[in-house]
Amino acid sequence: MPYGSPPLNVNPIYVTRPNLPPLADFLPYLEKIWASKVLTNNGPFHEELEAAVADYLGVKHLCLVANGTLALITSLQALRIAGEVITTPFSFVATTHALHWSGCKPVFVDVDPETGNLDPALIEAAITPQTTAILPVHVYGNPCDVAEIQRIAQTYWVKVIYDAAHTFGARFNGESLASFGDLAAMSFHATKVFNTFEGGAIVCRDAEMKKRIDFLKNFGFADEVTVVAPGMNGKMNEFQSALGLLQLDHLDAALVARERIGNRYREGFAGVAGLRSFSYRAGVSPNHAYYPILVDGSYGITRDALYHKLRAHGIVARRYFYPLISSFPAYRGLPSARPDNLPVATRLAEQVLCLPIYPGLEEHDQDRIIDLVAHPHAGVTTH
Ligand code: T4K
């Protein structure tokens with residue numbers, strides 16, 4: 001079960017719902033899979049989707065993978081990243097787990113209060129002779145300062161792997177947000193703007209790197225008898241790929257619906273004391289993957305009180321990303337994980353709440369959410 005199902009006799013409104021095409025449209029794909037008996041290992045739907053996603057994003061080289069976490073781990077392996085990697089604590093825990101699974105040491109750096117993304121002004125001070133890469137996240141699909149991060153990476157001769165899990169459909173200066181960095185790891189999880197049940201992709205810069213990643217995601221096989229590296233099983237299967245092909249047809253409409261919902265929230269919350277959202281960087285066409293709000297001391301009630309109030313009304317908002325990754329037992333002993341090293345991220349994690357946003361969200365439900373959020377003291381129930 002997804003987290004956060006409220007024990008209520010009302011239909012909950014979740015932070016997101018997967019966008020799904022009509023079931024009837026999926027059946028012909030299933031019939032083809034049954035007829036061919038090709039279920040996985042780079043079958044025809046996989047090949048077709050890989051080309052179609054690259055085309056949609058406007059990138060030349062892309063590898064489909066089974067999920068976003070494997071996209072991150074495979075990216076780190078493909079570039080042979082080792083030693084220390086500079087990253088953000090304000091993300092989903094998979095970002096740092098990928099470093100752990102690759103034997104790298106995460107070095108947490110604080111974030112920019114306006115975007116929630118890694119603060120480039122603080123990166124250089126965290127670089128040591130052991131640093132081999134930077135792993136920033138375009139959090140909520142809002143671009144990092146890609147130019148400055150690139151400058152730092154070139155100066156110190158380190159790689160940049162973007163966690164681009166939230167970026168599908170977002171563009172920056174006319175380019176897909178997944179086209180920046182040495183590699184970008186995307187997620188096509190059920191909760192994402194574009195979903196293939198589970199799934200993901202790695203955007204890379206040239207055909208040689210694509211070949212390397214294709215080997216890595218298939219146990220390291222270069223051909224039937226040659227294993228060139230200790231790869232893993234990171235392949236996207238034919239069911240996921242078939243769904244992806246269908247989803248692409250519905251994506252532009254989904255992005256329009258998300259934008260409409262995002263704009264209605266923005267209008268609904270204008271002028272509410274103690275409430276703000278992150279700022280979009282100039283040049284971005286956002287994908288409205290999430291609708292995070294930040295609740296400060298002048299709002300009237302705390303972020304957690306608002307979270308519980310909404311739940312009492314059947315609205316399952318989520319505190320992405322709280323707790324900070326750096327506070328989890330696996331990472332809190334790291335010197336860079338100290339809260340005094342991460343004051344902005346610590347504050348944002350205590351203030352943030354992601355409101356429901358997905359194409360099927362009904363206007364009257366959104367109006368209810370807006371009303372409850374815009375009036376902190378209305379609808380509070382005592383337990
Ligand atoms: N990097 C970043 C920055 C990420 O955000 C993520 C994933 C990754 C890497 C790793 O990518 P993947 O390996 O997952 O491809 C969810 C997702 O599981 C996770 O993919 C996502 N980030 C993260 C931000 O959110 P939970 O634990 O909050 O999911 P859950 O199950 O509580 O679902 C949220 C809501 O969505 C539910 O309340 C209802 C709805 N839902 C969910 C699922 C799974 C459905 O309606 N149907 C469903 O099948 O982590």
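Every number for a ligand or one of its atoms is a count from 1 in the order of the listing. Small disclaimer: the values here were computed from a predicted structure and weren't measured. Values reported hereafter were calculated over all heavy atoms of this structure, with side chains retained and with hydrogens, waters and symmetry mates removed.
Selection from Phe92, Phe90, Phe188 by nearest heavy atom to atom 8 (C) of ligand 1 gives Phe92. Between atom 17 (C) of ligand 1 and the options His138, His189, His97, the minimum heavy-atom separation is to His189.
Residue Tyr14 places no N or O, backbone or side chain, under 3.5 Å from any N or O of ligand 1. Looking at ligand 1, you won't find any N or O of Tyr290 less than 3.5 Å from one of its N or O atoms. Here's the thing with Ser91: none of its N/O atoms is less than 3.5 angstrom from an N/O atom of ligand 1. The N/O atoms of Glu198, backbone and side chain alike, include none that comes under 3.5 Å of an N/O atom in ligand 1.
Remark: Arg347 does not engage Glu350 in a salt bridge, criterion side-chain N to carboxylate O under 4.0 Å.
Note: Phe269 and Tyr265 have parallel aromatic rings, judged against thresholds of 30 and 60 degrees for the angle between ring planes. Relative orientation of the His138 and Tyr162 rings is parallel, given thresholds of 30° and 60° on the angle between their planes. By the 30° and 60° cut-offs, the orientation of the rings of Tyr331 relative to His100 is perpendicular.
Contacts of Asp163 with ligand 1, taken as heavy-atom pairs under 4.0 Å, involve the side chain alone. Contact annotation for Thr191 and ligand 1: only side-chain heavy atoms (C-beta onward) come within less than 4.0 Å of the ligand.
Residues His375 and Asp371 bring a donor and an acceptor atom of their side chains to less than 3.5 Å of each other.
Proximity of a side-chain donor or acceptor of Asn341 to a complementary backbone N or O of Phe108 within less than 3.5 Å is detected.
Numbered from 1 in the order shown, with element, the atoms of ligand 1 that lie under 4.0 Å from a heavy atom of Ala94 read 8 (C), 9 (C), 10 (C). Atoms of ligand 1 lying under 4.0 Å from at least one heavy atom of Thr16, given by number and element, are 36 (O), 39 (C), 40 (C), 46 (O). Counting the atoms of ligand 1 from 1 in the order shown, those under 4.0 Å from a heavy atom of Ala165 are 1 (N), 2 (C), 3 (C), 4 (C), 9 (C). Near Gly68, meaning under 4.0 Å from any of its heavy atoms, are these atoms of ligand 1: 11 (O), 12 (P), 13 (O), 15 (O). Interface of Ser187 with ligand 1, defined as ligand atoms under 4.0 Å from a residue heavy atom, comprises 11 (O), 12 (P), 15 (O).
Ligand 1 lies nowhere less than 4.0 angstrom from a heavy atom belonging to Gly200.
Aromatic ring centroids of Phe239 and Phe197 lie 6.0 Å or more apart.
Residues satisfying the ring pair (Phe, Tyr, Trp, His ring centres under 6.0 Å) criterion with Phe278, sequence neighbours excluded, are Tyr140.
Thr167 approaches Ala178 most closely through the heavy-atom pair OG1-CB, 3.9 Å.
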